[in-house]
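Written below as structure tokens is the structure these notes are about.
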Amino acid sequence: VYEPLLSEKDSTTVEVDADGVLPDDLTRDELTLPALSEPQLARHYTRLSQMNYSVELGPYPLGSCTMKYNPSFTEDVAGDPRAAVHPDRSDRTVQGTLGLLHGLQEYLADIGGMDAVTLQPPAGAAGEFTGILIAKAYHEARDDDRSEIIIPASAHGTNFASAAMAGYDVVELPSDEDGRVDIEALDAAISEETAALMLTNPNTLGLFERDIVEIADMVHEAGGLLYYDGANFNALLGRARPGDMGFDIMHYNVHKTFATPHGGGGPGAGPVGVVDELAEYLPSPMVRETAAGYEQYEPESSIGKVHGFAGNWLVLVKAYAYIARLGDEGLADASAKAVLNANYLASQIDLDVPYGPFHHEFAATSGDRDAADVAKRMLDYGVHPPTTKWPELVPEAMLTEPTEVEDKASLDDLAHAFNAAYADSDEALETAPSKTSARRIDQVSAARNPRLSWQSLGDEE
Amino acid sequence: VYEPLLSEKDSTTVEVDADGVLPDDLTRDELTLPALSEPQLARHYTRLSQMNYSVELGPYPLGSCTMKYNPSFTEDVAGDPRAAVHPDRSDRTVQGTLGLLHGLQEYLADIGGMDAVTLQPPAGAAGEFTGILIAKAYHEARDDDRSEIIIPASAHGTNFASAAMAGYDVVELPSDEDGRVDIEALDAAISEETAALMLTNPNTLGLFERDIVEIADMVHEAGGLLYYDGANFNALLGRARPGDMGFDIMHYNVHKTFATPHGGGGPGAGPVGVVDELAEYLPSPMVRETAAGYEQYEPESSIGKVHGFAGNWLVLVKAYAYIARLGDEGLADASAKAVLNANYLASQIDLDVPYGPFHHEFAATSGDRDAADVAKRMLDYGVHPPTTKWPELVPEAMLTEPTEVEDKASLDDLAHAFNAAYADSDEALETAPSKTSARRIDQVSAARNPRLSWQSLGDEE
Amino acid sequence: MTAGNGRRVGSPYAPHTDADEAAMLDAIGVDSVEDLFDIPADVRFDDEFGIDSTDERELRQSLADLFARNEELTEFLGRGHHAHYVPALVDDLSRRSEFLTSYTQYQPEIAQGFLQVLFEYQSMLVELTGLPVANCSMYDAATALAEAALLANRLRRGASGHRVLVPEHLHEGRLGVLENYLDGADMEIGEYPMDDGAVDVDALSDLVDDETVMVYAESPTVRGVIEERLADIGDIAHENDALFCLGSDVVALSLLQEPASVGADVVVGEAGALGIGSAYGMGLGIFATREEYLRQVPGRLVGVSEDSEDMRAFTLTLQTREQHIRKERATSNICTNQAWVALRTAMHIAWLGPDRLVGIAKDAVTEARALAQRLDDLSGVKAPVHDRHHFREFVVYTDQPAPAITNDLAGRGFAVHALDDHHIQVCITEANADAADEFVAAFEEVA
Amino acid sequence: MTAGNGRRVGSPYAPHTDADEAAMLDAIGVDSVEDLFDIPADVRFDDEFGIDSTDERELRQSLADLFARNEELTEFLGRGHHAHYVPALVDDLSRRSEFLTSYTQYQPEIAQGFLQVLFEYQSMLVELTGLPVANCSMYDAATALAEAALLANRLRRGASGHRVLVPEHLHEGRLGVLENYLDGADMEIGEYPMDDGAVDVDALSDLVDDETVMVYAESPTVRGVIEERLADIGDIAHENDALFCLGSDVVALSLLQEPASVGADVVVGEAGALGIGSAYGMGLGIFATREEYLRQVPGRLVGVSEDSEDMRAFTLTLQTREQHIRKERATSNICTNQAWVALRTAMHIAWLGPDRLVGIAKDAVTEARALAQRLDDLSGVKAPVHDRHHFREFVVYTDQPAPAITNDLAGRGFAVHALDDHHIQVCITEANADAADEFVAAFEEVA
């Protein structure tokens, strides 16, 4: 299975003759691109698609990624031509668009126990950054100069990067022996410099931070804010809300929790919810309902913009549709089945799972087997492997999140893949995968000699 | 690669409790069907789809099948919700629908050189049957009792079956040594019993019937009608029209010539065009344009119905869109490139092509190799093989029609598959295919012990 | 290949570059493509059709404008073409090119996916009908009925006559197709009377004789009536060595008596009630029958076999019945059929599952009953006209002229069908039931 | 799992049968799913959100009704979000689930298809910009610009100041995002003046100093002006050791001077002008730069490698720049990006090919020029306000108040953007050019 590059199929150089259109010195001389016909392109992309795994082909148990089934109908809804409008349209002429945005603001606020929600951040990390900017604006408005964000070591890498981008120093918090926040360490870390504590709950081991109320009190007493990373929110829908736990700010990963398709890396959306006290700092514009209809407005002390326009509209539509489809019952059931699936799968694999009780995901350890190798071998069993070697708290971690969409038979297949790969010979592991269209790919060579475009391939191929 | 049956994934029996809905004796007691969730179904059908070849994966050179690229946009057009109307709607309320049908009637009439066209026949064979019924009605209206239809031996099997269904005896016409109609044999076959001669032109060897004017004269002189089988019309678009050749009746295979997707066996559409003299016999309703708009009407001596409603609407929309997209220039170019491709491919293969000059397709012979085996071996080279062992005029025939959508590189690949398979060992041929998801399938066993439903599989599997 | 303005001339779907074309002509040994056409001068076409080529964007816009000329009416229409809600899943998966742009499965080794779906479709029809053999598609209910009559006739070649009995109330499209198909077989059609919308079983009994090769009945009928005496009808047919052919549809079959249990020898009807929605009459014909008639079945059959590694595999089978092998002695001329619709129908059935399928079938009864009652409550209206159980649809009597009412309803956004001067047919499913209140209100205004 | 009415309760996308659930609980060793939740009582949520579940059909209907509240206006809107016609091919192929429902390519052995498309996208951007490194997506033009400033700052850590110079005319969204991104890096933004819609190069020259880490210019500008002195701007930046960052879009890049030829060190802007059409501002950020800054690039990069059988293979590479490895020392926090939009954009570019791509770019100049001329001919209207070459859009001066005109145009079916009391911005592409006649007529009526 091999598909030539477009450039290997055709490379056509056209002279850009702009005579009569623009002065010659304002235009380029020529442009080289593939010039192929529609049937050739249809085959190119159809063949390429068949070289790609997807959640409609099998389980995708990447921990903290929540790869669940993406209902087809949401695509149709997002594709409604009447929803294809420009952001410069006046409010009066796009009441449907604003109505949906307002509805989603409300849905998310309810589900997270927050008071106000912005939909503008185009991804989870952008949501984190937005949330931290809000925290910063809050402190600055109080002339309270704080320089640190506390983040558990087991948190997502984006937490650290987002805090740093906002200009904060990161204080990394070690885990307790039970895999959760170490209260003593937290106590030591908290100071007048603490702008916020960023927490994922359940954390990246799937463990609920049982001391969350105490943690919240500690942070608040020190004048800090509590930030909720929504990556693992699929575990809690309808059972616990960050707002009720004492979180002041949270982001939602709608491409995880609310089933918008991940599209091979995005687009996602990372709406941010805040408590009343922080609502005035939200990005602009927000949408509110008035007697005259929906209107956009700028919050009083808005941090401004985190996206050039209104975020990833198409993604937001799908999130809205998913929430409206499931409703209370469906959302609660999604969490229930996600947790059931994780626990069942863990009960069926031969690998140790060192911490618990976990919710929607668990970090198994492959012990003295290399987790990345076990994962590669799992590919040969026709499934996508879990996240490997992370979080670092668990040695040779295989962070596994089956989500609610797998049935028992699928989980049994997945457990078989786990167990068979785990039990395979060293040689089988090191040479895996052997049944995929591409065999083990050399990462070192890719990085050592970066070839990032077809132009860079030159005559070598 | 193996996907369980839906019934193997789940089999749920529900009791049909119609209490309060209908009396118990009017309802069934229970119903057993798979009860699966949407994610399970999405995976089932996605996986199955990947076990299927299509024209978007590679060439599909089945002779007389004209498997060309089906433009994506026609699907969107056919899916326009405003076009999803019921056939009982009054004419006044469906002017868009009738406008399209009228436009397609006109397009097809122009392209075929016919005077009137019905769009009702839902497939090519239904078109043949319709055409023969029209011929019959014509003769009957003149109290001219005729009992025979003459059909060349090389014609499609449907010609024979359609004529027989209409109640005619079939007179089979042998081919001349040049692969075309044997004029002497035709002369001998024509009589007062001749209702019609059915011809395919170019015929199923891709050969143009050069004596078509003489043939038409002979048939007409004897009081018969000349019927054009449109299966090979892709060879002639914009270059010759059946109406100009003397044909009185023709059908169009829009799923061949006009690129509507074949859908794994259908739906197609087999519109039928006729000369003025026969227009009064066309099925009902037809669409005409009046000052007040489009309206449906019943032709004066209509044969009545050949489909319960108006035929395969969605297919007709796509055919209309394809014709309107290409226009004169595109249609003529399609034929040009189809003929170019067939001739080029023939020049690149090692197999003999005994007749010529051919147009859009050719019948190669695999000589002392079994054509079906060669075809199976071609599967291993990643292409779909041609039609095999037909027409019978050519021993071990491989009837090949690449269509205009293949580029030179694709034709070269196809030629390589031909040549490599043709040159392979007997063993390789007999055991082929070896690289497909299913290996050679036992046809005899399937027919000897018919298992036509999952219920029939019982406990054997 | 491209004009100066960047628009490709010729077919936009022919990929040839000028260089490729030249190389190909050279390999063939001719100077131009024209040299490849062996068409005598006197039949060459040197004119043009006058059809302008249109780019994709312009064409989509012009077709959208054209379809916008269709009035947006909520349809309460049925009579053999029924719209149930088609889930997005069906559109999405059936549009995958591996399904949509594949051909008939002549090379089963690379067509296992589609073959399995068709096999599953056949199996679902077996479950719904109780008959062990179902083909994988006919064009529509009308042609399926006609093919059933031809099958019955083949089985009774020795009969003294060749008559098919059909109900007095039969959709004009089905009757018309039947007439055309039977003409060539020298068969005739007899009509038997209805009693208050259902089969007049006594009258039917008097009409059936040894010239009768098939008795056809429908449940629901074209007027939506659920037949209550199907088993009696079957007995009458069988007592006279005639086949009993039952017409139904894929939704009704999930709720009503199983055809096999009332003696049906052949089941025909519409499967397109699931899978395609309103498509201006485009459908999918059901054809199911008994094992003993297997080799007389028209159309394609998918069976199970094994490949050379003894793995289960699917293939088209019993093709010796078909025209490409048997020519004029084939069981039918059908070749291209409705395979892709069958795929969609199978997906739709699978999406519903047995519970929801039976659910929408029950809705079809209860919604029709409730709507008829509400219309009956209006002054100048009687509904249903027939004192029977109804499935989806029923006939309404109106004091005022029916065509005028139909017209007035269209002005209010609703489409119904006037059967004659004082009868209107009304159809309701889960897909239009949301509009029932407005419909009744509008009806009240115009009746 | 299902209620009596056939409707599934709970998540419609959780496949568990009751029997499976029981077996799974048994295997785990608990009695109920509730036992698996380790949530302290005081933070349990025992209320409900009050969101009703809705079946697919009803929900589609209600959302269609909601979107029908958007007025159907023909948009002459741009300002950084541009609608070119997206071919059906892009929708069709990008919706294939293998693309749409796949995750980031962490296991490249089963993700070669998407990786190759992203690699091809990068290559197309390399061609369009002339710069050798392009990442495979940023969120949008605004965040790409902000990331460029951060990159410039990292390269100039030793600088005495940290100022980014941007044009006086800059889209408010881009400016706002830039402000937020620069805040944490203790950077500041300086504005340089425009002269009749283009960069006032002399004034800029005076402003650039050794505290300047980056000079940003756009062509076309937010007002559609094509900059004529890009090379001079680049020289000014470079003379002061500042980076020259050029903002553009994927259509304009096909026609205008190649960024590399005018000295651009980084190119940012919108690639979503091809691939998604009007999407309420959703976009795809371009990020291309010089080889020497490779390890400072934000976002993902796809590179070529070999598999264990020495076959060419694609993989995400240089991931050590990214936050999941480098945490707070990453080049950016971007993780989930716009990969699927990049796939669509690549498909769209491929569908156009170089000839048609340049063609629509030329149209953007000629259509804008023609439309400005026609508006200029109207009384009380001057267009374009800037005596410059324009790409797609231009500013119109109106004697009458611009907000009123905008409002009146909406009443006539057209959307334009009022910049201030007497200025309106108008944008035209091949996608709305068909409506130009009606637009001019409407403008004449209201101006």
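Values in this document were obtained by computation on a predicted structure and should not be read as measured data. Lettering follows sequence order; numbering is per chain, from 1.
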Checklist entry - Between Leu150(C) and chain B, which part of the residue has a heavy atom less than 4.5 Å away: side chain, backbone, both or neither? => result side chain

Checklist entry - Of the backbone (N, CA, C, O) and the side chain (C-beta and beyond), which part of Ala342(C) lies under 4.5 Å from a heavy atom of chain B, both, or neither? => result neither

Checklist entry - Which answer fits Thr12(B), side chain, backbone, both or neither, if we ask what part of it has an atom under 4.5 Å from a heavy atom of chain C? => result both

Item to check | Asp29(B), part contacting chain C, at a heavy-atom distance under 4.5 Å | outcome: neither

Checklist entry - Which answer fits Ile110(C), side chain, backbone, both or neither, if we ask what part of it has an atom under 4.5 Å from a heavy atom of chain B? => result both

Item to check | Side chain to side chain, Thr101(C) and His262(B), heavy atoms closer than 4.5 Å | outcome: no

Item to check | Identified side chain to side chain contact (heavy atoms under 4.5 Å, CB included) counterpart of Leu301(C) within the set Thr315(C), Leu118(C), Leu294(C) | outcome: Leu294(C)

Next on the checklist: Side chains of Thr32(B) and Thr13(B): any donor to acceptor distance under 3.5 Å?
Outcome noted: yes

Item to check | Modelled atom types, side-chain donor and acceptor of Ser11(C) and Glu404(B), under 3.5 Å | outcome: no

Next on the checklist: Could you go through Leu411(B) and Gln348(B), starting from their C-alpha distance and side-chain angles, then the distance that decides it, and tell me whether this counts as side-chain contact (heavy atoms from CB on, under 4.5 Å)?
Outcome noted: CA-CA 9 Å; Leu411(B) 295 170; Gln348(B) 302 299 304; over 6 Å; no

Checklist entry - With Phe73(B), which residues qualify under ring-ring contact (aromatic ring centres under 6.0 Å, His included), at least two apart? => result none

Checklist entry - Given a strict heavy-atom distance threshold of 4.5 Å, which part of His417(C) is in contact with chain B: side chain, backbone, both, or neither? => result side chain

Checklist outcome for this item: chain C shares the most heavy-atom pairs under 4.5 Å, among Ile323(B), Asp407(B), Leu31(B), with Leu31(B)

Checklist entry - Do NZ/NE/NH1/NH2 and the carboxylate oxygens of Arg82(B) and Glu72(C) come within less than 4.0 Å? => result no

Item to check | Tyr45(B) versus chain C, the contacting section by heavy-atom distance below 4.5 Å | outcome: both

Checklist entry - With a 4.5 angstrom heavy-atom cut-off, which part of Leu59(C) approaches chain B: side chain, backbone, both or neither? => result side chain

Item to check | Heavy-atom pair with the smallest gap, counting every atom of Pro108(C) and Lys376(B) | outcome: CD-NZ, 3.9 Å

Item to check | Heavy-atom pairs under 4.5 Å with chain C, option from Ala324(B), Ala346(B), Ala321(B), Pro385(B) with the top count | outcome: Ala324(B)

Next on the checklist: The test is side-chain contact (heavy atoms from CB on, under 4.5 Å); show your working for Thr320(C) and Arg326(C) and say whether it passes.
Outcome noted: CA-CA 6 Å; Thr320(C) 51; Arg326(C) 191 166 287 193; 4.3 Å; yes

Checklist outcome for this item: Whatever's closer than 4.5 Å to a heavy atom in chain C on Tyr60(B) counts as side chain

Item to check | Engaged part of Ala42(B) at the chain C interface, taking heavy atoms whose separation is under 4.5 Å | outcome: both

Next on the checklist: Counting only non-hydrogen atoms closer than 4.5 Å, does Ala410(C) touch chain B with its backbone (N, CA, C, O), its side chain (CB onward), both, or neither?
Outcome noted: side chain

Checklist entry - With only heavy atoms counted, which part of Val302(C) is less than 4.5 Å from chain B, the side chain, the backbone, both or neither? => result backbone

Next on the checklist: Please tell me whether Glu127(C) and Gln455(B) have a donor and an acceptor in their side chains that are separated by less than 3.5 angstrom.
Outcome noted: yes

Checklist entry - Does a donor on one side chain sit under 3.5 Å from an acceptor on the other, for Glu128(B) and Thr158(B)? => result yes

Checklist entry - Of the non-hydrogen atoms in Leu128(C) and Arg28(B), which two are nearest, and what is the gap between them? => result O-NH1, 2.8 Å

Checklist outcome for this item: Turns out that what part of Arg96(C) lies under 4.5 Å from chain B's heavy atoms comes down to side chain

Checklist entry - Can you say whether Ala336(B) sits under 4.5 Å from chain C via the side chain, the backbone, both, or neither, judging by heavy atoms? => result both

Checklist entry - chain B heavy atoms under 4.5 Å from Leu357(C): which part of the residue, side chain, backbone, both or neither? => result side chain

Checklist entry - Side chains of Lys408(B) and Thr17(C): does their closest heavy-atom pair fall under 4.5 Å? => result no

Item to check | Stepwise side-chain contact (heavy atoms from CB on, under 4.5 Å) check, Ser305(C) with Arg312(C) | outcome: CA-CA 6 Å; Ser305(C) 188; Arg312(C) 181 173 73 193; over 6 Å; no

Checklist entry - Based on non-hydrogen pairs under 4.5 Å, which of Ser94(C), Ser261(C), Gly50(C) is most in contact with chain B? => result Gly50(C)

Checklist entry - Which bit of Ser97(C) comes within less than 4.5 Å of chain B, counting heavy atoms only: side chain, backbone, both or neither? => result both

Item to check | Heavy-atom proximity to chain C below 4.5 Å, by part of Tyr168(B) | outcome: neither

Checklist outcome for this item: Among Asp110(B), Leu326(B), Thr436(B), the residue with the most heavy-atom pairs under 4.5 Å to chain C is Leu326(B)

Item to check | Portion of Leu379(B) that has a non-hydrogen atom of chain C nearer than 4.5 angstrom | outcome: side chain

Checklist entry - Between Glu75(C) and His81(C), does any side-chain donor sit less than 3.5 Å from a side-chain acceptor? => result no

Item to check | Test side-chain contact (heavy atoms from CB on, under 4.5 Å) applied to Phe309(B) and His171(C), step by step | outcome: CA-CA 10 Å; Phe309(B) 298 96; His171(C) 188 274; 3.4 Å; yes

Checklist entry - In terms of heavy-atom proximity below 4.5 Å to chain C, should Leu133(B) be classed as side chain, backbone, both, or neither? => result side chain

Checklist entry - Where on His307(B) is there a heavy atom nearer than 4.5 Å to chain C: the side chain, the backbone, both, or neither? => result both

Checklist outcome for this item: Sorted by chain and number, sequence neighbours left out, side chain to side chain contact (heavy atoms under 4.5 Å, CB included) with Lys327(C) holds for Phe160(B), Glu172(B)

Item to check | Contacting moiety of Thr143(C), where chain B heavy atoms sit under 4.5 Å | outcome: side chain

Item to check | Under 4.5 Å from a heavy atom of chain C, the part of Ile212(B) involved | outcome: side chain

Checklist entry - Which bit of Ile226(C) is near chain B, if near means a heavy-atom gap under 4.5 Å: side chain, backbone, both or neither? => result side chain

Checklist entry - For Thr336(C), is it the side chain, the backbone, both or neither that has a heavy atom under 4.5 Å from a heavy atom of chain B? => result both

Checklist outcome for this item: Pair count under 4.5 Å, heavy atoms only, with chain C: among Gly167(B), Pro267(B), Ser90(B), highest is Pro267(B)

Checklist entry - Relative to chain C, which segment of Pro122(B) carries a heavy atom at a distance below 4.5 Å: side chain, backbone, both, or neither? => result both

Checklist outcome for this item: Looking only at Glu75(B), Met245(B), Lys136(B), the option with the highest number of non-hydrogen pairs under 4.5 Å against chain C is Glu75(B)

Checklist entry - Any Lys/Arg nitrogen of Lys305(B) or Glu179(C) sitting under 4.0 Å from an Asp/Glu carboxylate oxygen of the other? => result no

Checklist entry - Checking heavy atoms, do the side chain of Asn70(B), its backbone, both or neither come under 4.5 Å from chain C? => result side chain

Checklist entry - According to the interplanar angle, ranging from 0 to 90°, do the rings of Phe114(C) and Phe99(C) count as parallel (below 30°), tilted (30 to 60°) or perpendicular (above 60°)? => result perpendicular

Checklist entry - Leu41(B), Asn253(B), Val315(B), Asp244(B): which one forms the most heavy-atom pairs within less than 4.5 Å of chain C? => result Leu41(B)

Next on the checklist: Using heavy-atom distances under 4.5 Å, tell me whether Lys68(B) contacts chain C through its side chain, its backbone, both, or neither.
Outcome noted: neither

Item to check | Under 4.5 Å from any heavy atom of chain B - which part of Arg95(C) | outcome: side chain

Item to check | Side chain to side chain, Pro23(B) and His389(C), heavy atoms closer than 4.5 Å | outcome: yes

